[in-house]
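Read the structure below first, then the notes.
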Amino acid sequence: MPELPEVEVIRRGLERFVCGRTIASASVHHPRTVRRHLGGADGFVGALAGRRFEAARRRGKYLWLPLDSGDALLAHLGMSGQLVVVPQDSAAEKHLRARVTFADGGPQLRFVDQRTFGNLMVDPRGATLPALIAHIAPDPLEPCFDDEVFYRALHRRRTGIKRALLDQSLVSGVGNIYADEALWRTRLHWARPTETLTRNEVFVILAAVREVMAAALAVGGTSFDSLYVNVNGESGYFERSLDVYGRAGQPCRRCGTPIRRDPFMNRSAYSCLRCQPRPRRARW
DNA sequence: CCTGCCGCCTGCGCGC
DNA sequence: TGCGCGCAGGCGGCAG
């Protein structure tokens, strides 16, 4: 889905409804879903059968569930992936891609993914930090995230601030929505060259990222439609709190100027040109 | 190395 | 109605 708050909502659901349960069997219904698992669908299913989920962890937008074997089930939801916990006998979802059945006969864990950008894999020695996400930077809600390190990395970059916020090797968990929301809160334009940002500006951006993520988390994340739901299929309510994302043409909540949408990386960047004046030297 | 672009998918809403 | 287009919360791979 989803960005950090939505993935964290899912993680909490998995912790509650899946941890401690033993897997009877797993099945894969679309080959693309396990394309990153080296052993293919058979290896994936074999690595899960009989194992027990021990925990539910997250870094940025990645989720992983350590198993009692020392491996971990690693999930990335991509643009449209959902992890839901539903009764065993409930009808197959249209885009059901994989499922896990439990030995206790209770609700199943299902991976539903319309666009198949998401993926699942069993990562060896994934109990602590899966090897495949080693290149992902800590997310801003982790205690180990170092604001000073982030500032220095930004200072060396030659790109725009929004592109940098979306770069998961600099900071993880930030996506298109929360990048725009945090920049609006800090009154900085998305094309501001990173090397011109002061240390204080960078710290203020990080504080805004944390604020907007915490606020979203408190109400169950952002759901524009039925694609973005928690493990029980319930929507979050943060959409009604968005200040710029998706509000093209509507008045800025601070100054009333119509919110502008600019094409950006085959997607969109939303901003208020009065609150967030475009820098003379813009980068994107 | 670093930066930025393209492709991967399905579905929806819009204008014609 | 139908069709084509643009758009959608992401990221890996690769070219320059």
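In the text below, chain A, chain B and the rest are named by the order of the sequence lines, each starting its count at 1.
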N/O (side chain, A/K61) to phosphate O (OP1/OP2, C/dG10) under 4.0 Å: yes

Salt bridge A/R59-A/D139, side-chain N to carboxylate O under 4.0 Å: no

B/dG7 to C/dC5 separation - P atoms, rounded to the nearest Å: 15 Å

Donor-acceptor pair between A/Q108 and A/T101 side chains, under 3.5 angstrom: yes

Touch class at under 4.0 angstrom, heavy-atom based, for A/R283 against every strand present: nothing

Salt-bridge contact A/D262-A/K162 (side-chain N to carboxylate O under 4.0 Å): no

Within residues 115-124 of chain A or reaching into it, pairs that qualify as side chain to side chain donor-acceptor pair (under 3.5 Å) - sequence neighbours excluded: A/R32-A/T116

Where chain A begins and ends its contact with DNA chain B, read 5' to 3' at 4.0 Å from heavy atoms: B/dT3 to B/dG11

Separation of atom CE in A/M265 from atom P in C/dG9, rounded to whole Å: 11 Å

Side-chain donor/acceptor of A/R267 to base of C/dA8, under 3.5 Å: no

Test: A/R253 cationic atom under 6.0 Å from A/W184 six-membered ring centre, within 45° of axis: no

Greater than 12 external heavy atoms within 6.0 Å of A/R274's CZ: no

Touch class at under 4.0 angstrom, heavy-atom based, for A/H30 against every strand present: nothing

Under the salt bridge (charged side-chain N to carboxylate O under 4.0 Å, His left out) test, residues paired with A/R267 that sit two or more places apart: none

All stems with DNA chain C, defined as three or more consecutive Watson-Crick or G-U pairs under 3.5 Å: B:2-8 with C:10-16, B:10-16 with C:2-8

N or O in side chain of A/H76 less than 4.0 angstrom from C/dG10 OP1/OP2: no

Rounded distance in Å - CE (A/M79) to C1' (C/dC7): 9 Å

Positions of residues 159-187 of chain A (non-hydrogen atom under 4.0 Å from DNA chain B), listed by number: A/T159, A/R163

Residue whose nearest DNA chain B nucleotide is more 5′ - A/T116 or A/R157: A/R157

Ring geometry between A/F145 and A/F150 (parallel below 30°, tilted from 30 to 60°, perpendicular above 60°): tilted

A/D89: partners by side-chain hydrogen bond (donor to acceptor under 3.5 Å, both in side chains), with sequence neighbours left out: none

Atom-pair distance (CD on A/Q82; C1' on C/dG9), nearest Å: 12 Å

Test: A/R99 and A/E93 ion pair at under 4.0 Å: no

A/S268 side chain near C/dA8 phosphate (N/O to OP1/OP2, under 4.0 Å): yes

Separation of C/dG9 P from A/Y237 OH (nearest whole Å): 22 Å

Short N-O contact, A/R199 and A/E148, less than 4.0 angstrom: yes

Between C1' of C/dA8 and CG of A/D113, the distance in whole Å: 13 Å

A/Y178 and A/E6: side chain donor to acceptor below 3.5 Å: yes

Sidechain N-carboxylate O distance under 4.0 Å for A/E15, A/R12: no

Residue A/R36, side-chain atoms from C-beta onward, closest of C/dG12, C/dC11, C/dC7: C/dG12

Comparing A/N266 and A/H135 on DNA chain C - which has the more 5′ nearest nucleotide: A/N266

Nucleotide C/dA8, atom C1' - distance to NE2 of A/H95 in whole Å: 14 Å

Pairwise C1' distance, B/dT3 and C/dG9 [rounded to whole Å]: 24 Å

Whole angstrom value for the distance that separates P of C/dA8 from CD of A/E6: 16 Å

Distance, P atom - from C/dC14 to B/dC9, rounded to whole angstrom: 15 Å

Nearest-neighbour nucleotide for the A/Y62 side chain, C/dC11, C/dG12, C/dG9 considered: C/dG12

